[in-house]
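All remarks here apply to the structure that follows.
Residue numbers run from 1 in the order of the sequence given. Remember, it's a predicted structure, so these values are computed and weren't measured experimentally. Only this structure's heavy atoms are used, side chains among them; waters, hydrogens and symmetry mates stay out.
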Amino acid sequence: MTGTAAAPAGADDATADRADGASCESQTHGYIGHKDDLLKRLRRAEGQVRGVHRMVEEDAYCIDILTQVSAATKALERVALALLDDHLRHCVASAAEEGGAVAAEKLEEASAAIARLVR
């Protein structure tokens with residue numbers, strides 16, 4: 001499960017934080033059981049962001065725009081927390097059973113993800 005694949009060009013901080021590029025890619029992802037729910041939440045957030053765009057184009061009142069930005073942010077945070085929960089229950093738990101360097105790597109990866117979420 002550990003590999004030394006280089007991060008693809010344009011990879012974000014999440015990929016860069018992995019010690020050696022390893023992930024749950026060789027397994028079924030933990031979110032697969034409620035993928036439709038995640039996609040629904042993402043579509044909702046996408047609609048909210050489009051609403052913010054429209055509001056700015058239409059010169060809406062600042063506070064109304066900020067309220068919509070807050071709603072979009074919260075929607076994305078809910079997606080992120082659901083994905084994190086799935087990662088902990090699936091990928092990290094599986095790595096913990098395996099133990100050793102794999103477990104340490106997954107814990108470090110999860111810790112870095114949590115730190116990015118709370119920034």
Using side-chain heavy atoms (C-beta onward) and a distance below 4.5 Å, is Asp86 in contact with His34?
yes
I'd like to check Leu42 versus Leu76 (side-chain heavy atoms, cut-off strictly below 4.5 Å). Are they in contact?
yes
From NE2 (His87) to OH (Tyr31), nearest 0.5 Å:
12.0 Å
Hydrophobic cluster identity match, Val69 and Val56, side-chain contacts under 4.5 Å:
yes
Rounded distance (nearest 0.5 Å) linking atom OG1 of Thr67 with atom CD of Gln48:
11.5 Å
Going by side chain to side chain donor-acceptor pair (under 3.5 Å), Asp37 matches just one of Lys35, Arg41, Lys40. Which one?
Arg41
Looking at Glu57 and Arg54, is there a salt bridge between them, counting it only when a charged N and a carboxylate O are closer than 4.0 Å?
no
Check whether any side-chain heavy atom of Val49 lies under 4.5 Å from a side-chain heavy atom of His53, and answer yes or no.
no
Just how far is it from atom OG of Ser94 to atom CZ of Arg89, taken to the nearest 0.5 Å?
15.0 Å
So do the side chains of Glu98 and Lys106 get within less than 4.5 Å of each other, counting heavy atoms only?
no
Rounded to the nearest 0.5 Å, how far does CD1 of Ile65 lie from OG of Ser70?
13.5 Å
Arg43 vs Glu46, salt bridge (Lys or Arg N to Asp or Glu O under 4.0 Å): CA-CA, chis, key distance, verdict
CA-CA 5 Å; Arg43 281 190 296 273; Glu46 182 181 18; over 6 Å; no
In this structure, CD of Glu105 is separated from CD of Glu108 (nearest 0.5 Å) by 8.0 Å
Examine distances only and state if a side-chain atom of Ser111 and a backbone atom of Leu107 form a donor-acceptor pair shorter than 3.5 Å.
no
Minimal non-hydrogen separation, Ala95 against Ala103, with atom names:
O-CB, 3.4 Å
Nearest 0.5 Å, what's the CZ-CG distance between Arg78 and Leu83?
13.5 Å
